[in-house]
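Computed from heavy atoms alone, side chains included, the values below leave out hydrogens, waters and symmetry copies.
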Amino acid sequence: MDPRRKIFDEISDDLHTFFKRVGKVWVYDELKFLDLEPEMMTGEFRCYSVQSLIDFCASNPEYHIISRKDCKVYNKFMPEARAYYLADGDAEPELFVDFMRGLDVHELLQVGYTVFTPIVGTIKGGNDA
């Protein structure tokens, strides 16, 4: 196996484990039920709408904010992050994942493309009969 693929798989596993531990709320309908309006179907909020998350978490302390900034995902609110998510699990603010460790942007995209293209191709060309 290409060593870059091994690193990519480890990073993917770490990110998945992190999101499970911190309880990322990613289901669009669940966020809508909570009267929140994410920009993406994956539950992503951008900086111009993060105030709704801040207000929501202030009124609902069982929730907290996850921030994505500088190729890292932090288990806390980080001003000027690129994206934000709602979470309802472990709120330990020292938790984070660096999803660029060991790979540069070009390698991450190249390996990611190689991994996901066959999957998307199978879904798009699948036999629904």
Next on the checklist: Suppose clustering is done on Ile, Leu, Val, Met, Phe, Trp and Tyr with side-chain heavy atoms closer than 4.5 Å. Which residues sit in the same group as V27?
Outcome noted: W26
Item to check | Residues forming a side chain to side chain donor-acceptor pair (under 3.5 Å) with D14, sequence neighbours excluded | outcome: R101
Checklist entry - Does the side chain of S49 reach to within under 4.5 Å of the side chain of L36, using non-hydrogen atoms? => result no
Checklist entry - Would you say the side-chain atoms of K69 pair up with the backbone N or O of P79, donor to acceptor, closer than 3.5 Å? => result yes
Item to check | Inter- and intrachain pairs under salt bridge (charged side-chain N to carboxylate O under 4.0 Å, His left out), touching residues 27-38, at least two apart | outcome: K32-E37
Checklist entry - Tell me the salt bridge (charged side-chain N to carboxylate O under 4.0 Å, His left out) pairs involving residues 39-52, sequence neighbours left out? => result E44-R46, E44-R68
I'd like a table of donor-acceptor pairs (distance under 3.5 Å, sequence neighbours excluded) in which one partner is a side-chain atom from residues 90-97, with atom names and distances.
{"from": "D90", "atom 1": "OD1", "to": "E92", "atom 2": "N", "distance (Å)": "2.9"}
{"from": "D90", "atom 1": "OD2", "to": "R21", "atom 2": "NE", "distance (Å)": "2.9"}
{"from": "D90", "atom 1": "OD2", "to": "R21", "atom 2": "NH2", "distance (Å)": "3.0"}
{"from": "E92", "atom 1": "OE2", "to": "E94", "atom 2": "N", "distance (Å)": "3.1"}

Item to check | Hydrophobic cluster identity match, Y63 and L31, side-chain contacts under 4.5 Å | outcome: yes
Next on the checklist: For a 4.5 angstrom cut-off between non-hydrogen side-chain atoms, does L34 reach L86?
Outcome noted: yes
Item to check | Non-hydrogen atoms of D98 and C71 that approach each other most closely | outcome: OD1-O, 3.4 Å
Item to check | Heavy-atom closest contact (N75 atom, H64 atom, distance) | outcome: OD1-NE2, 2.7 Å
Checklist outcome for this item: Sorted by chain and number, sequence neighbours left out, ring pair (Phe, Tyr, Trp, His ring centres under 6.0 Å) with F45 holds for none
Next on the checklist: Tell me whether Y28 shares a hydrophobic cluster with V25, the cluster being built from Ile, Leu, Val, Met, Phe, Trp, Tyr side chains joined at under 4.5 Å.
Outcome noted: no
Item to check | Residue list, side chain to side chain contact (heavy atoms under 4.5 Å, CB included) with Q51, at least two apart or on another chain | outcome: I54, D55
Next on the checklist: Check for me, please, whether V50 and F56 land in the same ILVMFWY cluster - side-chain distances under 4.5 Å, paths through other members count.
Outcome noted: yes
Item to check | Distance-minimising heavy-atom pair for A81 and S67 | outcome: CB-CB, 3.9 Å
Checklist entry - Are Y74 and F18 co-members of a hydrophobic cluster defined by side-chain heavy atoms under 4.5 Å apart? => result no
Item to check | ring pair (Phe, Tyr, Trp, His ring centres under 6.0 Å) partners of F19, counting only residues at least two apart | outcome: none
Next on the checklist: Going by ring pair (Phe, Tyr, Trp, His ring centres under 6.0 Å), name the residues that satisfy it together with F77, two or more places apart in sequence or in a different chain.
Outcome noted: Y84
Next on the checklist: Less than 4.5 Å apart, side chain to side chain, heavy atoms only: is that true for V22 and Y85?
Outcome noted: no
